[in-house]
Amino acid sequence: MDLSLSPELEAYREQVKKWFAANLPEGWNTPEFKELSDSELTAFGRKWERKLYEGGYNGINWPKEYGGQGLTNVHQTIFYEEAGKVQSPGEINTIGKSLLGPTLLALGTEEQKQRYLPAILKGDEIWCQGFSEPNAGSDMASLKTSAVLDGDEWVINGQKVWTSGAKNADWCFVLARTDQQAPKHKGITFFLVPMTSEGITVRPIIQIDGKGRFCEVFFDNVRIPKDQYVGQLNTGWQVAMTLLSFERGTMSLGRQAEFQREFNHLVKLTGEIKLSNNQLVKDNPYFRQKLAGIYSEIRIFRYHALRTVSQLLNEGKLGPEASLQKLFWSSMHVKLGELAMEVLGDLAPYWGNDSVGRGVMQKIDLGARGETIYAGTSQIQKNILAERVLGMPR
């Protein structure tokens, strides 16, 4: 297998590196960088989206007629990888760009593409995802949120939970049941809902790491125009599965680069922290073996990611194999966080900006646990692999 890139693609990588070097905020990823409040972070995120767009790095692989750059999936992957290496600012509109945008390109009408895609790329409209419910998480098809047609409008009632970024979003794509008599995977429609609609209430959920990114969203007689859905009526499950295939595979090389950066940070800490016998952690055989194991898994993940790039390049889409990647990286990231807590030992409870490592590894350890849940739990990924890849009975 030839893993080398063409001279043209290598030149593009250098272009991306130079752009990050010139455009990352001053002091980014250093102790001197001022920690932003929620409101400051939102304003900063919108400005960063606009900067990416103006630099030509939003919609890299989207058609030019919708505001994209008209380049390939490989160009997009190179950008994600370089962004992961420098741990660039989180993109406030990741859900719009990485999930809804590709779904509209695949299944949306021409009118929907012209209306929504340019606004997503410019950062003018931020999106969130209304899928999970209190009693419909892993079993998403058991959702209870309903949409009833009343004249020229749909009336939506129900509750969503774990809705990332809902407090800052302008729009939400929502799965709602439109046929109460149909089997649970049928009778669902994929709606596009303005978050400014009357009847929407958003309540942030404070997570274990102190952040409030996830939210509850309540829909109380929310009205939207009758044509404001993607795909066909009652085929929302198929639309959602198309969307989730993008969530589970397209950003893999960038994620791998970010994990490698985190690992390098942990290795640095092992040269600073001493065990009770005054031995540096990096010189202890037990920890050296554990670090080697995590490093091996990060490299394995890289080759999985390269295979995904190859599949996108040759076939233009991802299959159920994307579930293998999601299952692998989320489990591996948990192990990285757990090892970091072992390395820190009795220093682990202290994670302010003046602590060893500035609390970076503690946040990774706490945040990684949610990664085995969102975008499909590990248990669901195992079921998908068993049934759709291995052909085992349900």
Notebook entry, point to check: In chain order, what residues pass the side-chain contact (heavy atoms from CB on, under 4.5 Å) check against Q279, with sequence neighbours excluded?
Noted result: L275, N277, D283, N284
Next item on the list: Just jot down the side-chain contact (heavy atoms from CB on, under 4.5 Å) partners of P349, sequence neighbours excluded, or say none.
Entry: none
Salt-bridged, [X] to [Y], with N to O below 4.0 Å?
X    : Y    : result
E81  : R13  : yes
K18  : E14  : no
R46  : D124 : no
E153 : K226 : no

Backbone N/O of [Y] and side chain of [X]: donor-acceptor pair under 3.5 Å:
X   : Y    : result
N58 : L121 : yes
E82 : F79  : no
K85 : G254 : no
T77 : N73  : yes

Checklist line | Residue that, paired with W154, satisfies ring pair (Phe, Tyr, Trp, His ring centres under 6.0 Å) out of F191, F190, F219 | finding: F191
Next item on the list: With R255 as the cation and Y80 as the aromatic partner, state whether NZ or CZ is under 6.0 Å from the six-membered ring centre and within 45° of the axis.
Entry: no
Check: Rounded to the nearest 0.5 Å, how far apart are CG of L385 and CG of L324?
Finding: 5.5 Å
Check: When rounded to the nearest 0.5 angstrom, what distance separates SG in C128 from CD1 in I92?
Finding: 11.0 Å
Next item on the list: Please work out whether the ring planes of W127 and W171 are parallel, tilted or perpendicular, with thresholds of 30° and 60°.
Entry: parallel
Would you please say whether a donor-acceptor pair under 3.5 Å links the side chains of [X] and [Y]?
X    : Y    : value
H304 : Q325 : no
T145 : E133 : yes
H75  : T72  : yes
S146 : N157 : no
Q15  : Y57  : yes

Margin query: Run E111 and R115 through salt bridge (Lys or Arg N to Asp or Glu O under 4.0 Å) and show every step you take.
Written below: CA-CA 6 Å; E111 182 181 1; R115 162 62 185 84; over 6 Å; no
Checklist line | Residue pairs passing the side-chain hydrogen bond (donor to acceptor under 3.5 Å, both in side chains) test where at least one lies in residues 335-348, sequence neighbours excluded | finding: Y286-E342, E297-K335
